[in-house]
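Just so it is clear: chains get the letters A, B, ... in the order the sequence lines come, proteins before strands, and each one is counted from 1.
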Amino acid sequence: VIPRSWKRAEGALWRQLLSDVVVVAADGDAEPFAISGGARLWDLLEEPRQLDELAAALGGSAAKEELASLLASLVTGGVIDRVDS
Amino acid sequence: MGVASFGLLEARPLDGGQLNVAGWHALVARASKERMEGILAAAVSAGALEVTDSQLDRLREVTRSRARADLLLERETVRAAGLLEAAGVPYRVLKGPAWAHTAYPDPMWRGFGDVDILVLPARWYDALEALEASGARRLFPELRPDFDGRFGKDATFVARSGWEIDLHRTLVLGPYGFWVDCDELLSRSPAFVSLGGTSVAVLDPDAAFVHACYNAALADDPPRVAALRDVAQMAIAGSVDPGETFSLAQRWKGVGVVRRALAITESALGSALHDTPIARRFAGKASTRDRMLMATYRGPGRGYTSQLAGVVALPGLRAKAAYLSALARPQRAYLDARGFSASGFLEHAIRRVGQPR
């Protein structure tokens with residue numbers, strides 16, 4: 001099984017504010033995506049991270065299924081990339 | 001004003017207390033008007049200001065709105081810069097995204113409301129063409145045919161996304177705008193900021209500082225608090241070379257403007273700028289000529305008076321006559337777009353100039 005990781009897309013524009021983050025892809029016309037309490041997740045995604053790693057680092061604040069769903073949305077929005085390594 | 005100076009050296013301290021409903025509402029409204037929601041959020045995060053849970057919720061809401069607008073404008077900046085690069089037009093992104101990413105500890109501290117880009121004057125009409133070919137629409141025609149290319153300051157476009165792009169031929173209206181040597185400015189090595197992985201060219205720190213001073217001292221009356229903060233931020237950052245900046249301001253006859261910008265910034269924000277190397281280099285008072293010219297940038301009619309004062313900076317009688325004639329007799333398309341008749345335009349100008357300051 002190839003481990004799957006995620007990291008910030010090179011073309012992502014973002015702002016961190018309080019504990020939140022707002023991100024949008026520099027390409028296209030997608031609307032910005034606000035992640036409540038997402039500042040820590042965004043910090044972690046500076047490097048490729050696997051789901052287990054992210055869930056562990058975020059502690060009890062994120063259930064794995066919820067996190068996977070959020071990551072999928074961010075991939076669709078073009079602000080993070082899935083990295084198969 | 002306390003929030004506006006948060007994070008500056010020896011700025012006025014915040015009282016740290018909790019505001020009542022009306023006080024908080026007024027503070028958030030003022031911060032939003034000045035696009036300084038990010039600095040307010042930083043002050044709260046640092047514990048310089050106590051807030052209730054509902055006040056914090058409101059702060060989250062306004063900072064998210066600010067972030068959303070700034071990010072969409074950054075996307076528009078990347079697009080516009082790409083269009084100019086593709087057309088081979090030398091450019092520098094000005095103000096908002098440029099300063100947010102170079103002068104501030106966090107870009108969230110510096111909000112913006114449009115995209116400002118300076119282009120090489122000789123390529124002005126090529127730049128217009130590139131933007132229009134992308135679907136951007138110019139809001140108002142030029143004052144007279146060829147006015148922009150000879151005397152114009154900027155033109156406002158609405159991009160297909162709905163965001164405004166101000167294309168600049170120089171930095172400010174009036175005499176100080178004419179004295180800026182934009183050919184030299186664009187021949188200086190740019191700095192670069194990375195927006196979504198794309199490098200866009202911005203003014204080097206010395207030129208950016210002089211521009212920030214022009215923006216603070218000449219662009220609005222009263223000056224925008226955010227513009228004063230830009231001056232303070234760059235003055236304390238230490239990336240500005242005092243000698244080179246003074247020399248640049250001298251060549252542009254703008255030493256008095258920088259002096260005024262530093263003085264009004266220190267007075268408004270209460271930050272001890274006079275101890276910074278850049279303020280020491282510019283120590284002194286503005287000359288009588290500068291005080292008179294800068295006065296034309298103030299008051300309700302400043303758009304007209306500063307443009308009229310521009311005549312002193314134009315070389316030769318022919319250019320002065322062409323400029324004054326264009327100001328007095330705008331073309332029909334310009335008047336129509338602004339909803340004026342020829343006589344109505346002059347009456348409006350006279351009324352504005354005559355209004356008390």
> When rounded to the nearest 0.5 angstrom, what distance separates CD in B/Q233 from CG in B/L269?
10.0 Å

> Heavy-atom distance under 4.5 Å to chain B: side chain of A/V79, backbone, both or neither?
neither

> Work out which heavy atom in B/Y91 is nearest to a heavy atom in B/V200; give both atom names and the distance.
OH-CA, 3.5 Å

> Judged by modelled atom types alone, do A/Q16 and A/D43 share a side-chain donor-acceptor pair under 3.5 Å?
yes

> What part of A/A12 lies closer than 4.5 angstrom to a heavy atom of chain B: side chain, backbone, both or neither?
backbone

> Is the backbone N or O of A/S5 less than 3.5 Å from a side-chain atom of A/Q50, with the two atoms forming a donor-acceptor pair by type?
no

> Let me know if A/D27 has heavy atoms under 4.5 Å from chain B in its side chain, its backbone, both or neither.
backbone

> So what's closer than 4.5 Å to chain A heavy atoms on B/R66: side chain, backbone, both or neither?
neither

